Amino acid sequence: MWHSSFFTLSFYCIFFLLIIPRENFSPVTGLSVDLVNTTCKQCADKSNVFNYDFCLTSLQPIPTSHVTNLKGLALIAMELALENVTNTFWSIEKMLTSGQFDPYALGCLKDCFELYGDGVSMLVNSIRAFLHEQYDAANVLLSAVMETASTCEEGFKEKEGEVCPLAKENYNLFQLGDIALCIINLLSLALGPKSS
Ligand SMILES: *[C@@H]1O[C@H](CO)[C@@H](O)[C@H](O)[C@H]1NC(C)=O
Ligand SMILES: *[C@@H]1O[C@H](CO)[C@@H](O)[C@H](O)[C@H]1NC(C)=O
């Protein structure tokens with residue numbers, strides 16, 4: 001099961017490299033920078049999860065995020081979340097064998113490892129749904145990915161005094177998921193009820 005989801009994952013990574021630059025990449029222009037700025041502003045105003053600066057610093061440095069449309073920007077946000085969830089998955093694996101954690105924390109880390117593994121495949125499926133313009137399905141999967149982060153975090157909070165070694169990662173993923181959700185919602189609104 002793992003193998004197939006990671007196979008799909010690598011497939012999508014290659015896919016993005018090929019597709020995004022060709023379809024959506026445009027040189028940095030005032031207009032495209034505006035899109036990142038205005039989208040981040042619109043989304044941060046509505047969100048109680050992330051702020052404008054987090055959105056901007058996440059989306060701005062990615063060259064392909066200088067895209068001229070909302071669809072490209074939504075893909076970038078999901079791609080960032082995918083990179084995050086994948087990196088965290090591998091760092092949990094390292095933590096599990098580091099010998100640095102007590103049995104309780106190790107138990108939590110094992111749960112998080114499974115959650116993040118599922119998160120990777122859910123995100124890949126969400127991107128697939130998005131590419132097929134099934135925005136509702138993409139949203140449901142994205143919300144489930146955000147849930148992954150909070151469930152992992154809660155595991156550590158169940159025992160007093162346990163500090164979650166993944167607090168930053170969980171929070172990053174949660175925020176990136178919310179950014180992607182917001183952009184997809186803007187996109188659905190822009191396209192009207194027929195397309196969602
Ligand atoms: C976008 O936001 C950044 C940071 O706030 C700012 O430096 C830049 O001038 C803004 N660009 C536009 C076109 O508004
Ligand atoms: C996850 O995303 C955040 C926000 O864009 C970024 O600062 C961080 O470096 C990323 N972490 C990983 C492990 O990819």
Side-chain angles (χ1 to χ4, degrees), residues 2 5-6 8-10 12-17 20 24 28 32-33 35-67 70 72-98 100-101 105 108-124 126-127 130 138 141-153 155-156 163-184 186:
W2 285 119
S5 58
F6 280 104
T8 322
L9 175 65
S10 3
Y12 271 104
C13 290
I14 294 163
F15 184 77
F16 281 131
L17 291 176
I20 292 185
N24 292 319
V28 183
S32 56
V33 174
L35 181 69
V36 176
N37 281 23
T38 51
T39 307
C40 280
K41 175 95 178 68
Q42 253 180 308
C43 285
D45 282 350
K46 278 196 287 193
S47 171
N48 41 31
V49 172
F50 63 89
N51 61 32
Y52 177 72
D53 285 343
F54 179 86
C55 180
L56 207 63
T57 48
S58 296
L59 296 181
Q60 199 82 273
I62 313 291
T64 43
S65 79
H66 299 289
V67 289
L70 221 43
L73 201 57
L75 263 180
I76 295 293
M78 287 195 283
E79 198 187 357
L80 277 174
L82 182 58
E83 195 187 325
N84 242 255
V85 82
T86 311
N87 286 342
T88 304
F89 177 78
W90 295 122
S91 42
I92 303 174
E93 194 192 37
K94 286 203 197 92
M95 287 176 179
L96 283 173
T97 53
S98 69
Q100 286 177 345
F101 297 95
C108 292
L109 281 173
K110 275 187 195 144
D111 290 346
C112 292
F113 187 64
E114 255 181 55
L115 286 163
Y116 268 80
D118 290 344
V120 171
S121 34
M122 287 191 293
L123 208 38
V124 168
S126 173
I127 291 169
F130 178 81
L141 286 160
L142 259 177
S143 308
V145 172
M146 290 171 70
E147 198 107 337
T148 289
S150 41
T151 308
C152 166
E153 187 73 21
F156 285 90
V163 177
C164 181
L166 298 168
K168 198 182 76 190
E169 287 80 358
N170 286 333
Y171 191 42
N172 275 338
L173 180 60
F174 198 74
Q175 294 180 96
L176 287 174
D178 203 45
I179 292 176
L181 267 185
C182 175
I183 302 177
I184 295 177
L186 290 178

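Keep in mind it's a predicted model, so treat the numbers as computed, not measured. Both counts, for ligands and for their atoms, begin at 1 and track the order of listing. Atoms considered below: every heavy atom in the structure, side chains included; atoms not considered: hydrogens, waters and symmetry mates.
Pairing each heavy atom of L109 with each of P165, the nearest pair is CD2-CG, 4.0 Å. Among all heavy-atom pairs drawn from T148 and L115, the shortest one is CG2-O, 3.4 Å.
If you check the gamma sulfurs of C55 and C40, they are less than 2.5 Å from each other. For the cysteines C152 and C164, the sulfur (SG) atoms lie at a distance of at least 2.5 angstrom from each other.
Counting heavy atoms under 4.0 Å from ligand 2, residue N172 touches it through the side chain alone. Residue-level proximity to ligand 2 for L80 is absent, since no heavy atom of it falls below 4.0 angstrom.
Using modelled atom types and a 3.5 Å distance limit, the side chains of Y116 and N84 yield no donor-acceptor pair.
Scanning the protein for heavy atoms near atom 4 (C) of ligand 2, the closest one is S58 OG, 3.4 Å.
Enclosure of atom NZ in K46 by more than 12 non-hydrogen atoms of other residues, nucleotides or ligands within 6.0 angstrom is indicated.
In this structure, atom 2 (O) of ligand 2 has protein heavy atoms in its sub-4.0 angstrom surroundings.
When only interatomic distances are considered, the shortest N/O to N/O separation between N87 and ligand 2 falls below 3.5 Å. Remark: ligand 2 and E83 share no N or O pair separated by less than 3.5 Å (distance only, no angle test).
Shown in contact with F54 at under 4.0 Å from a heavy atom are these atoms of ligand 2, numbered in order with element: 4 (C).
Nearest to atom 12 (C) of ligand 2 by heavy atom, out of T88, L59, L176, N84, is N84.
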